[in-house]
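One structure below.
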Amino acid sequence: MAEIKTGAEIVWECLLREGVEVVFGYPGGAIMPTYDILAKLKGKIHHVLVRHEQGATHMADGYARASGKVGVAMATSGPGATNMVTGLATAMMDSSPIVCITGQVPTGAIGGDAFQETDVTGVTLPVTKHNYLVTEVENLAQIIREAFYIARTGRPGPVLIDIPKDVQNAKIEFEYPTDPIDLPGYHPPAKASDEQVEAALELINSAEKPVILAGHGVLMSGAMKEVLDLAEKGSIPITTTLLGIGGVPASHPLNMGMMGMHGEACTNHAIQEADLLIACGMRFDDRVTGNLKTYSPNSKKIHIEIDASELNKNVRVDVGIHADLGTVLRQVNPGVKKRDRSAWLGKISDWQEDTSQRDILQAETPTMLAAQAVRAIWEGTQGNAVIVSDVGQHQMLEAQYYEHEEPHTLLTSGGLGTMGFSLPAAIGASFHVKDREIWVIVGDGSIQMTITELATAVQENANVKIAIINNGYLGMVRQWQQLFFEARYVETPISSPDYIKLAEAYGLPGYRVDKLEDVISTMRKAQEHNGPVLIEFVVEEHDMVYPMVPAGADLHAMIRRPHPRFENMEM
Ligand SMILES: Cc1ncc(C[n+]2csc(CCOP(=O)(O)OP(=O)(O)O)c2C)c(N)n1
Ligand SMILES: [Mg+2]
C-alpha cells in the first residue's frame with residue numbers, strides 16, 4: 001500500500017528491509033533530516049556515534065568482515081564525507097561490503113561552492129565499487145537496494161550514496177519496490193565451463209609439485225571446506241595470503257602458513273619450486289609475488305577469481321576461471337585423483353625444519369619481544385579470539401605467531417595497509433561477535449591515528465581488549481631504514497601519551513606490562529571485565545620482522561634473522 005513518505009523516511013525503511021541492525025555515523029547539516037527520523041526508530045536500529053567519520057567507515061568494515069553482512073556508515077556532506085575516503089579505499093582494496101550514506105547540499109546549490117559542498121561522487125569514484133548521487137526522491141529506494149546488492153555480490157566492495165538535503169525532505173507516495181534487481185552489464189558469474197574444469201583437472205592431476213594459494217576469496221566465497229577437500233584429496237600443500245589467514249586451520253598439516261614478504265620461508269621456497277600454482281581467490285599482490293620476472297618460474301598456473309580484471313593482471317596464467325570459488329571447486333574436486341606426493345611434502349617439511357622462526361620465542365632478552373607478546377596473547381586467548389590487527393611490524397608478527405583455526409578470526413587492513421584501522425574495526429566487529437573475545441593488536445603509532453574512538457568504545461561499552469605493542473617507533477618504517485637507509489632513523493622514533501592515564505581519562509581500565517611473565521595475569525584482569533580494556537605492552541625497540549623479501553626482490557631472496565643456525569644456509 002502506498003503511503004506518503006519523505007526521502008529521509010525512505011532511507012531508514014530501506015535499511016530496515018535490508019536487515020541492517022547497526023549504523024555507524026556522525027551528524028551534520030546536510031544529513032540532519034535523515035538523522036531526525038532516528039528519533040522514531042528507537043529499538044529498531046542502533047546508531048553508533050563515532051568520533052571521526054573515518055572511524056565510522058572502519059567500524060562498518062569491521063562489522064562486515066566479522067559478520068559477512070553489509071556494514072553501514074553515515075555522514076554529512078563536505079568534511080564528513082571526505083573523512084570517509086580512507087575507510088572507503090580500505091574497504092575497496094580488501095573487497096569489504098559497506099554502504100556509506102552521505103548528505104549533500106540541496107540539488108539547486110550543487111556546483112555553486114555552497115557551504116560544506118564537495119563533489120563526493122567525484123572524490124570517491126576510484127575508491128568505491130560504485131557510487132550514486134540521488135537527484136530524484138523517486139529513485140531513492142531503488143538506488144539503496146542496488147547499492148546493497150552491488151556491495152555484497154560478485155567481488156564485494158564499498159558503495160556510496162550521496163543524498164542532497166532536498167531529496168531527504170521531499171515527500172512522495174511511496175511503495176517499497178520488490179522487483180528483482182537486474183543491472184545492465186553487471187552479472188556476477190557463477191560457475192566454470194566444462195572445458196575450464198577439464199583443463200584445470202589435467203594440470204592438477206599431472207602436477208608433481210603443486211601448491212594451493214588461498215586468498216581472501218576463500219573466506220568471502222565461504223569455500224573453506226572445498227579448499228581443504230582439494231588439498232586433502234590431492235595431498236597438495238596450502239599457503240595463505242595475509243587476508244586468507246583463517247580460511248584454512250593453522251594446525252592443518254597441509255597448511256604451510258603465510259606467503260610473501262614476511263611469509264614463512266618454506267612457503268616462498270615452495271612457490272618458487274612448484275610446478276603448479278592453484279590460486280584461489282587471491283590477486284597476486286606485489287607483497288606476495290616479489291619480482292614478477294622471477295616469480296614461480298617453472299609452474300603452470302590456475303587462477304580462480306570472481307573479478308575478471310584480476311585474471312592475467314599481474315601474473316600470466318594457463319587456466320583462468322572467472323567464477324565463484326566455492327562453486328568452481330565443487331565442480332573440480334570430484335575429478336581430482338588421489339596422488340602420492342610424499343616426496344614434495346617431504347621437501348617442504350625439510351624446509352620447515354631448517355627455517356623455523358620460532359626460536360625467538362625462547363630468546364632471553366632484557367625487554368620482551370613483540371613476537372613474544374603476540375604469542376602470549378595467543379596463549380592467553382587459547383587461539384580463540386577474533387584479532388583485529390593494525391599495520392606495521394606488530395601486524396606481521398600477529399600473522400606469524402597467532403595461529404588462527406577459524407575463518408573471520410583475523411580482521412586486518414591488507415591491501416591498503418591503513419594505520420588506524422584496528423580500534424574502530426574492532427568496535428564495529430563487536431556488534432556482531434558475541435561469543436568470542438575481540439582483541440586489538442595495535443602499534444604505538446597506529447593507535448594514535450584513531451585513538452579518539454576510545455570514547456566510542458566506552459560510550460558503547462564495546463567488549464574489545466586493546467593490546468598496544470609499544471616499541472617507541474614506527475617500527476616497520478624503522479626496519480626499512482635499518483635495512484635500506486643505513487640506519488638513519490628519520491622521524492620514526494615516536495612518543496606516546498601515558499596510556500594508563502589516557503585510559504583513565506577516557507574511563508576504561510588500563511594496564512601496563514613490561515615482563516613476559518606478567519602478560520597472562522594482566523590479560524585475565526582484562527578478560528574478567530565486560531567492556532573495553534587497554535593494555536600497554538612495553539617491548540624491545542629494535543626488533544625486526546623476519547624473514548623479509550625486500551620490495552621487488554626475488555621471492556626466494558629472503559633476508560633471514562641473523563642466527564648461528566642459519567649461517568651458510570643455501571636458501
Ligand atoms: C595511514 C598510514 N600512514 C603511514 C603508513 C606507513 N607505515 C606503515 S607501517 C608504519 C609504522 C607503524 O608503526 P606502529 O603502529 O608503531 O607499528 P610497529 O611497526 O612499530 O609495530 C607506517 C608509518 C601507513 N601504513 N598508513
Ligand atoms: Mg611501534
Side-chain angles (χ1 to χ4, degrees), residues 52-55 57-58 61 82-94 127 242-243 260-262 285-287 360 367-377 387-402 412-426 439-454 466-485 487-497 499 502 512-514 534-546 548 550-551:
H52 185 292
E53 292 85 350
Q54 180 187 351
T57 51
H58 294 328
D61 186 344
T82 55
N83 276 349
M84 290 181 138
V85 169
T86 301
L88 286 166
T90 305
M92 184 73 179
M93 286 287 260
D94 288 350
V127 293
L242 175 64
L243 294 186
M261 181 176 275
H262 294 292
D285 178 79
D286 56 85
R287 287 297 191 263
I360 57 165
T367 327
M368 82 175 128
L369 301 178
Q372 295 170 329
V374 168
R375 192 66 171 182
I377 293 171
I387 301 290
V388 190
S389 62
D390 220 287
V391 175
Q393 290 181 317
H394 62 280
Q395 178 187 35
M396 293 298 114
L397 294 169
E398 193 287 336
Q400 294 179 345
Y401 291 100
Y402 196 105
T412 197
S413 167
L416 200 68
T418 307
M419 284 174 71
F421 172 80
S422 63
L423 173 60
W439 282 76
V440 174
I441 296 186
V442 56
D444 47 332
S446 297
I447 188 76
Q448 294 188 68
M449 286 245 168
T450 50
I451 200 160
T452 180
E453 300 303 343
L454 279 180
I466 304 152
I468 301 177
I469 309 295
N470 188 353
N471 56 7
Y473 274 95
L474 299 173
M476 186 53 94
V477 182
R478 190 202 58 77
Q479 167 157 348
W480 284 49
Q481 290 172 330
Q482 181 171 335
L483 293 171
F484 314 119
F485 293 85
R488 287 184 295 277
Y489 298 150
V490 179
E491 299 299 320
T492 46
I494 185 166
S495 69
S496 276
Y499 288 114
L502 190 86
R512 179 175 293 125
V513 250
D514 50 14
L534 179 156
I535 306 177
E536 176 189 8
F537 292 73
V538 181
V539 302
E540 167 60 38
E541 291 188 341
H542 283 255
D543 199 17
M544 307 275 276
V545 182
Y546 293 107
M548 179 177 189

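Whatever order the structure lists ligands and atoms in, that order sets their numbers, starting from 1. Quick caveat, the model's predicted, so the values are computed rather than measured.
No donor-acceptor distance shorter than 3.5 angstrom exists from the side chain of Glu536 to the backbone of Val513, with no hydrogens or angles considered. Between the side chain of Glu398 and the main chain of Val388, no donor-acceptor pair closer than 3.5 Å is present. Gln395 places no side-chain N or O within donor-acceptor distance of the main-chain N or O of Gly443, the cut-off being under 3.5 Å.
Close approach of ligand 1 to Val391 is summarised as follows: ligand atoms under 4.0 Å from at least one heavy atom of the residue are 9 (S), 12 (C), 15 (O), 17 (O), 25 (N). Short contacts between ligand 1 and Gly443, defined as distances under 4.0 Å to a heavy atom of the residue, involve ligand atoms 14 (P), 15 (O), 16 (O), 17 (O). Atoms of ligand 1 found under 4.0 Å from any heavy atom of Gln393 (numbered from 1 in listed order, with element): 18 (P), 19 (O), 21 (O). The atoms of ligand 1 that sit less than 4.0 Å from any heavy atom of Gly392 are 9 (S), 19 (O).
Here Asn471 meets the criterion, with an N, O or S atom under 2.8 Å of the Mg ion (ligand 2). Inclusion of Ser446 in the first shell of the Mg ion (ligand 2) is not supported: no N, O or S atom falls under 2.8 Å.
Proximity of Val477 to ligand 1 is established by a heavy-atom distance of less than 4.0 Å.
The heavy atom nearest to atom 16 (O) of ligand 1, considering only Thr492, Asn471, Val539, Asp444, is found in Asp444. For the residues Gly472, Ser446, Gly475, the heavy atom positioned nearest atom 15 (O) of ligand 1 is part of Ser446.
Side-chain contact annotation: Tyr489 with Gln482, donor-acceptor N/O pair under 3.5 Å present. There is a side-chain donor-acceptor pair under 3.5 Å between Gln54 and His58. Counted by atom type alone, Ser422 and Ser389 present zero donor-acceptor pairs between their side chains at under 3.5 Å.
Taking the side chain as every heavy atom from C-beta outward, Ile441 and Ile377 approach each other to under 4.5 Å.
Shown are Asn83, Thr86, Thr82; of these, the side-chain hydrogen bond (donor to acceptor under 3.5 Å, both in side chains) with Glu53 is made only by Asn83. Partner of Asp444 under the side chain to side chain contact (heavy atoms under 4.5 Å, CB included) criterion, chosen from Val539, Leu474, Val538, Asn471: Asn471.
Residue Met476 has at least one N or O atom closer than 3.5 Å to an N or O atom of ligand 1. Checked against a 3.5 angstrom limit, the closest N/O atoms of Met449 and ligand 1 fall outside it. Considering backbone and side-chain atoms together, Thr418 places no N or O closer than 3.5 Å to any N or O of ligand 1.
The closest protein non-hydrogen atom to atom 25 (N) of ligand 1 is Gly417 O, 2.8 Å. Counting protein heavy atoms only, atom 4 (C) of ligand 1 is closest to Met419 SD, 3.7 Å. In terms of protein heavy atoms, atom 14 (P) of ligand 1 is closest to Gly445 N, 3.6 Å. Nearest non-hydrogen protein atom to atom 17 (O) of ligand 1 is His394 ND1, 3.1 Å. Ranking the protein heavy atoms by distance from atom 13 (O) of ligand 1 puts Leu474 CA, 3.4 Å first.
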(message) Under the criterion side-chain contact (heavy atoms from CB on, under 4.5 Å), I'd like the reasoning laid out for Gln393 against Arg478: C-alpha separation, chi angles, the key distance, then a yes or no.
(response) CA-CA 10 Å; Gln393 290 181 317; Arg478 190 202 58 77; 4.2 Å; yes
